[in-house]
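So the structure is just underneath, and the comments pick up after that.
Each ligand, and each atom within it, is numbered from 1 in the order the structure gives. Only a predicted model underlies this, so the values are computations on that prediction, with no experimental measurement involved.
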Amino acid sequence: MKNINKMIFISAAMGILLGILIKFYPNLFFVDYLLMATELVGQIFIKSLKMILVPLVFFSIIVGVSNLGGGGKSSLIWKSTFLYFMITMSIAITLALVVMNIVQPGVGLSIDSWQSINNNLPSTMTISQFFKQFLLSLFENPFHSLASGKILPLIVFSIIIGVALNDRKGSFKAAKDIFTSLYEVMLKIVHWLMLFAPLGVFALLVNMVASQDMSLFSQLGIFIFTVIFLILFHGLVILPTILFLITKITPINLWVQGRPAFITAFATSSSAATLPITLSVADNNFKTSKGISNFVLPLGATMNMDGTALYEAAAALFIANLVGMDLTLAQQLILFFTAMVASIGAPGIPSAGMVTMAMVLQVLGLPLEALAILLPMDRLIDTFRTTINVEGDLVGALIVDKITKS
Ligand code: ASP
């Protein structure tokens, strides 16, 4: 495990360096073949992570919840997990609102790609419609969610099974044993995937760096810079401080031990695809109790998205600046809640935040065409958002673990 940790780091660095080299010398003879090969390997890596994702989430939440046990401890786990999610997402959004109101990027800027997107969504949506849509999306035929990879309703269903299995009289012991054993099979497959991770991460990063569109920076530089700065501030200062205060785990320890998960998140732009690695890091490197990581991490991978929440709030304010709309305090409060619900509702897949961004824009009455401006830079910003999303999940598991052990 230690070796893989190191290898993932080295291969990420090599991938970025090679990507930069290709950016500067795109005509070198091997570039076309290399990009073709890295594209293929990268896709296979992501697809194999996704292959394991649905059964992993399903079994891990069932096992996690069914092991919570009744009584005081289980309610402490539930409550501290949700409280942690809400508090850290609120901090992230507040950070975005405060700094964006001060820096105000986008005021007086005019951008060419403004009109180039057509969207058929209705142009306004009330906040109650927004909540309704979100609530309804939680309940689905579980076989449909399993087959179509809809994680949020799958989580709801898995929690329900887990609670049902939590029977004091032990009537469902056989079912519980089957789920636990199947979960262990999934973990074994995750271990195999970890062996593939250095190559997968390398391939994804070569491609990502080589295909980055630099011209964006000339027009949108201040916004991109501000958002990335805020995301990094949240990930490098706020989350590690909270972690240290509660668990005494140092930031260095967090980054070194958590590295495989962070790098995979950066390379895949998907918290869900990274989940197998995050689970493995929590169990092997931080030795969190299985019951806690099984519960907090899969839930966090879809619900707890500090980076996405921060970005949705910042991007909505940026668009408001672009169209010359001054959001009142009340509207910013609405933005606060919609950014939170939108990030909770966003699945942990690449650019999911863009889809739910459309809802945020609608609630505020901002033009959906704005997505045309946000989309080209999304690949870049998504890498940072996702890394912080995953960091937030891991920190959450460590904190809940500490709280429930002490
Ligand atoms: N890609 C992000 C994640 O998987 C979600 C998003 O912000 O688009 O965590």
- Hey, is ligand 1 close enough to Ala272 that some N/O pair sits below 3.5 Å? no
- Message: If you take the centroid of each ring, where Trp contributes its six-membered ring, are Phe384 and Tyr311 closer together than 6.0 Å?
- Response: no
- Query: With a 4.0 Å cut-off, would you call Asp382 and Arg379 a salt bridge?
  - Reply: no
- Query: In ligand 1, which numbered atoms sit nearer than 4.0 Å to a non-hydrogen atom of Gly353?
  - Reply: 6 (C), 7 (O), 8 (O)
- Please confirm whether the backbone N or O of Gly307 pairs with a side-chain atom of Asn389, one donor and one acceptor, at under 3.5 Å? yes
- Note on the structure: Note: ligand 1 atoms sitting under 4.0 Å from heavy atoms of Ser269 are 1 (N), 4 (O)
- Message: For the 3.5 Å polar cut-off, considering only N or O atoms, please tell me whether Ile349 and ligand 1 meet it.
- Response: yes
- Task: List the closest protein heavy-atom neighbour of atom 1 (N) of ligand 1: residue, atom name, distance to the nearest 0.1 Å.
- Result: Asp382 OD1, 2.8 Å
- Task: Please say whether the positively charged group of Lys248, taken as NZ for Lys or CZ for Arg, lies over the ring of Phe244, i.e. under 6.0 angstrom from the six-membered ring centre and within 45 degrees of the axis.
- Result: yes
- Message: Quick one, Gln331 and Leu335 - any side-chain contact, counting heavy atoms below 4.5 Å?
- Response: no
- Quick one: does ligand 1 sit under 4.0 Å from the side chain of Val390, the backbone, both or neither, non-hydrogen atoms only? neither
- Task: Check the angle between the aromatic planes of Phe82 and Trp78 and answer parallel, tilted or perpendicular using the 30° and 60° thresholds.
- Result: parallel
- Query: Which of the atoms of ligand 1 are close to Thr308, meaning less than 4.0 Å from one of its heavy atoms?
  - Reply: 5 (C), 6 (C), 7 (O)
- side-chain contact (heavy atoms from CB on, under 4.5 Å) between Ser48 and Phe196, intermediate numbers included: CA-CA 10 Å; Ser48 47; Phe196 180 32; 4.0 Å; yes
- What atoms of ligand 1 come within less than 4.0 Å of a heavy atom belonging to Ser270? 4 (O)
- Item | Structural part of Ser343 in contact with ligand 1, heavy atom criterion under 4.0 angstrom | neither
- Quick note on ligand 1: atoms under 4.0 Å from a heavy atom of Asn389 include exactly 2 (C), 3 (C), 9 (O)
- Would you find a donor on one side and an acceptor on the other, under 3.5 Å apart, between the side chain of Glu39 and the backbone of Met36? no
- Out of curiosity, is Ala346 lining ligand 1, as in a heavy atom under 4.0 Å away? no
- Message: Suppose we measure from atom 9 (O) of ligand 1 to each protein heavy atom; which comes out shortest, and what is that distance?
- Response: Ser271 OG, 2.3 Å
